[in-house]
Amino acid sequence: QLEVVESGGVVQSGGSLRLSCLASGFAPDYNPYGWFRQAPGKEREGISCISSNGGTTAYADSVKGRFTISRDNAKKMVYLQMNSLKPEDSAVYYCAAAYNPDPAICSLDRRQGKYDYWGRGSQVTVSS
């Protein structure tokens with residue numbers, strides 16, 4: 001079960017937010033995680049991922065340099081620090097978990113990454 005424990009919210013352009021995801025019931029050694037977002041009328045897109053050992057991360061071009069993904073396996077937490085937010089970052093944000101025995105792999109593609117477990121989503125609104 002994945003639970004977003006820190007909700008998004010409303011922030012002004014240029015501001016920051018941190019999303020947290022509690023991955024209860026998972027064995028972190030085999031679970032890469034991803035953060036996805038979906039804006040109205042658009043497809044859900046992968047914006048960041050982190051491998052189970054934390055050694056591999058990836059970011060979509062649209063958030064690279066502004067967002068940072070991290071994980072704390074002891075606490076079973078995954079974080080997405082979002083800085084320099086823009087109105088186009090407004091969307092529902094989802095954390096997702098996959099199973100992969102390779103500790104160094106993650107994917108931004110929801111199908112290729114085989115993300116089978118999803119949080120409920122958290123609305124982030126960036127006002128201009």
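Residues: numbered from 1 along the sequence shown.
- Residues Asn83 and Ser16 are in side-chain contact: their nearest non-hydrogen atoms beyond the backbone lie under 4.5 Å apart.
- Across every non-hydrogen atom of Leu108 and Phe36, the tightest pair is O-CE2, 3.6 Å.
- Side-chain atoms of Asn73 never come within 3.5 Å of backbone atoms of Lys76 as a donor-acceptor pair (strictly under, hydrogens ignored).
- The nearest pair of heavy atoms linking Ser107 to Cys49 is N-SG, 3.5 Å.
- With sequence neighbours excluded, the residues satisfying salt bridge (Lys or Arg N to Asp or Glu O under 4.0 Å) with Arg66 are Asp89.
- From Lys64, atom NZ reaches atom OG of Ser48 across 10.5 Å, with rounding to the nearest 0.5 Å.
- Ring centers of Tyr33 and Tyr115: at least 6.0 Å apart, outside the cut-off.
- Contact record, Val92 with Gly121: CG1-CA, 3.8 Å, taken as the closest heavy-atom pair.
- Gln81 CD to Ser70 OG: the interatomic distance, rounded to the nearest 0.5 Å, is 8.5 Å.
- Here the side chains of Met82 and Leu19 are in contact, with some heavy-atom distance below 4.5 Å.
- With 3.5 Å as the limit, one finds no donor-acceptor pair spanning the side chains of Ser52 and Asn31.
- Counting only heavy atoms from C-beta outward, the side chains of Ser51 and Ile105 never approach each other to under 4.5 Å.
- Residues in residues 100-115 take part in no salt bridge (Lys or Arg N to Asp or Glu O under 4.0 Å) pair, two or more places apart or across chains.
- Smallest separation of non-hydrogen atoms from Ser13 and Ser128: CB-CA, 4.2 Å.
- The structure places OG of Ser90 at 7.0 Å from CD of Gln123, a figure rounded to the nearest 0.5 Å.
- With a 6.0 Å cutoff to the six-membered ring centre and a 45° limit on the axis angle, Arg71 does not count as a cation-pi contact of Tyr79.
- With hydrophobic clusters built from ILVMFWY side chains whose heavy atoms lie under 4.5 angstrom apart, Tyr117 shares a cluster with Leu80.
- Aromatic pair Phe67/Trp35: ring centres not closer than 6.0 Å.
- Glu45 is listed as a side-chain neighbour of Arg37, based on a closest heavy-atom distance under 4.5 Å.
- Apart from Tyr99 itself, the hydrophobic cluster it occupies contains Tyr30, where clustering links Ile, Leu, Val, Met, Phe, Trp and Tyr at side-chain heavy-atom distances under 4.5 Å.
- Put simply, CG on Leu85 and CG on Leu17 are 5.5 Å apart, with the number rounded to the nearest 0.5 Å.
- Note that the OG1 atom of Thr68 and the CD1 atom of Ile50 stand 10.0 Å from one another [nearest 0.5 Å].
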